[in-house]
2 protein chains.
Amino acid sequence: MTDDPEHVCADQESISLLLQSIPSEDELCRICDIFGALQSETRLKILFLLSGGGLCVKELEGALDISQPAISHSLRTLRQLDLVRVKKEGRFAVYHIADEHVHTLIDMCRKHVSEHE
Amino acid sequence: MTDDPEHVCADQESISLLLQSIPSEDELCRICDIFGALQSETRLKILFLLSGGGLCVKELEGALDISQPAISHSLRTLRQLDLVRVKKEGRFAVYHIADEHVHTLIDMCRKHVSEHE
DNA sequence: TAAACATATGAACATATGTGCATATATTTA
DNA sequence: TAAATATATGCACATATGTTCATATGTTTA
């Protein structure tokens with residue numbers, strides 16, 4: 001015998017209702033892609049570095065022990081999802097965090113890290 | 001001729017300094033894994049559904065057009081990263097969002113979605 | 001205009017990941 | 001204890017992803 005009352009499954013109607021409250025396939029897909037882009041040490045490092053201010057590819061190359069093409073590929077991924085933006089300055093391509101959303105996300109990560117001792 | 005002053009690359013010292021401000025490899029790895037878990041329509045749907053309250057596997061199965069084993073696999077992934085937790089209630093395994101961090105994350109997604117019209 | 005520099009891209013390969021199927025485990029009910 | 005129910009797991013396969021190498025593009029300087 002158990003103290004806990006047994007769980008009562010919701011009927012199909014309530015479940016259908018629940019389903020309506022979640023984002024559409026399209027929206028989920030987009031969210032997915034964004035998280036996918038963040039599932040990469042390289043791209044996370046880039047975002048953390050850029051969160052301090054704009055940097056060109058050369059600087060990122062100096063900071064990260066990763067080849068230039070690999071960095072460019074990562075930047076493209078981040079660019080395509082509008083997580084970073086480029087501005088051409090002379091011969092350099094200066095990348096920066098796209099907007100406050102992304103800044104918030106990075107801050108969130110920092111907090112998460114610091115809270116886990 | 002251009003109005004913009006050309007970008008000036010930071011020297012290696014400043015770059016080394018920048019590097020110190022980003023999370024350690026270990027922490028990055030953990031963040032990576034979390035985002036990795038979120039890069040899945042199935043797992044995102046599960047999280048959105050659970051954000052309304054605890055649900056057992058059976059209910060998730062009724063809501064999602066996905067096989068029971070696939071759902072269990074997804075739940076395991078989420079469990080291992082402590083994004084969801086289980087509580088056994090009789091013969092049911094009731095899953096719920098692990099903590100406020102995760103709730104915040106899901107809310108963030110909802111906001112993101114609603115702000116992009 | 002040639003050379004040097006900064007960045008981007010494409011193809012290819014190795015590895016990671018998700019899903020289905022079969023099946024194992026655990027709990028409850030008869 | 002047998003049968004039914006609820007969930008978990010292992011394996012295998014198809015697909016997705018990241019990285020490297022070679023090379024293309026674009027910009028500046030000599």
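Below, chains carry the letters A, B, ... as their sequence lines are ordered, and counting in each starts from 1.
Note: CD (B:Glu89) to P (C:dT28) measures 12 Å, nearest angstrom. For the pair B:Arg91 CZ and C:dT27 P, the computed distance is 13 Å after rounding to whole Å. Residue A:Glu41 contributes atom CD, which lies 13 Å from atom P of C:dA16 at whole-angstrom precision. Between the P atom of D:dT7 and the CG atom of B:Leu75 lies a distance of 10 Å, rounded to the nearest Å. Computed from coordinates, the B:His7 NE2 to C:dA6 C1' distance equals 11 Å when rounded to whole Å. With rounding to whole Å, B:Leu81 atom CG is found 11 Å from C:dT17 atom P. Look at CD on B:Gln39: it is 7 Å from P on C:dG18, rounded to the nearest Å. When rounded to the nearest whole Å, the span between CD of A:Gln80 and P of C:dA8 equals 12 Å.
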Please tabulate, for the side chains in residues 31-39 of chain A, all donor-acceptor contacts under 3.5 angstrom to protein atoms that are two or more places apart in sequence or on a different chain.
none

Just list the side-chain donor-acceptor pairs under 3.5 Å for residues 61-68 of chain B, sequence neighbours left out, or say none.
residue: B:Ser67; atom: OG; partner: B:Ala70; partner atom: N; Å: 3.3
residue: B:Gln68; atom: NE2; partner: B:Ser72; partner atom: OG; Å: 3.1

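Between the side chains of A:Thr104 and A:Asp107, not a single donor N or O lies within less than 3.5 Å of an accepting N or O. Between the side chains of A:His112 and B:Glu27, no donor-acceptor pair is found at a separation under 3.5 Å.
Residue pairs satisfying the side chain to side chain donor-acceptor pair (under 3.5 Å) criterion with at least one member in residues 45-56 of chain A, sequence neighbours excluded, are listed as follows: A:Lys45-B:Glu25, A:Ser51-A:Arg110. Among residue pairs with one or both ends in residues 69-85 of chain B, those qualifying as salt bridge (charged side-chain N to carboxylate O under 4.0 Å, His left out) are B:Asp82-B:Arg85; sequence neighbours excluded.
Closest to the side chain of B:Arg76, out of C:dT17, D:dG10, C:dA8, is D:dG10.
One finds no side-chain N or O of B:Arg43 lying less than 4.0 angstrom from the OP1 or OP2 phosphate oxygen of C:dT19. In terms of phosphate contacts, B:Tyr95 brings no side-chain nitrogen or oxygen within less than 4.0 Å of OP1 or OP2 of D:dA6. Between B:Thr42 and the phosphate of C:dT19, there is a side-chain N or O to OP1/OP2 separation shorter than 4.0 Å.
Against DNA chain C, the stretch residues 54-73 of chain A makes heavy-atom approaches under 4.0 Å through A:Cys56, A:Val57, A:Lys58, A:Gln68, A:Pro69, A:Ser72, A:His73.
By the salt bridge (Lys or Arg N to Asp or Glu O under 4.0 Å) test, A:Glu13 is found to be paired with no residue, residues two or more places apart in sequence or in another chain being considered.
Mapping A:Ser74 and A:Cys9 onto DNA chain D by nearest heavy atom places A:Cys9 closer to the 5' end of the strand.
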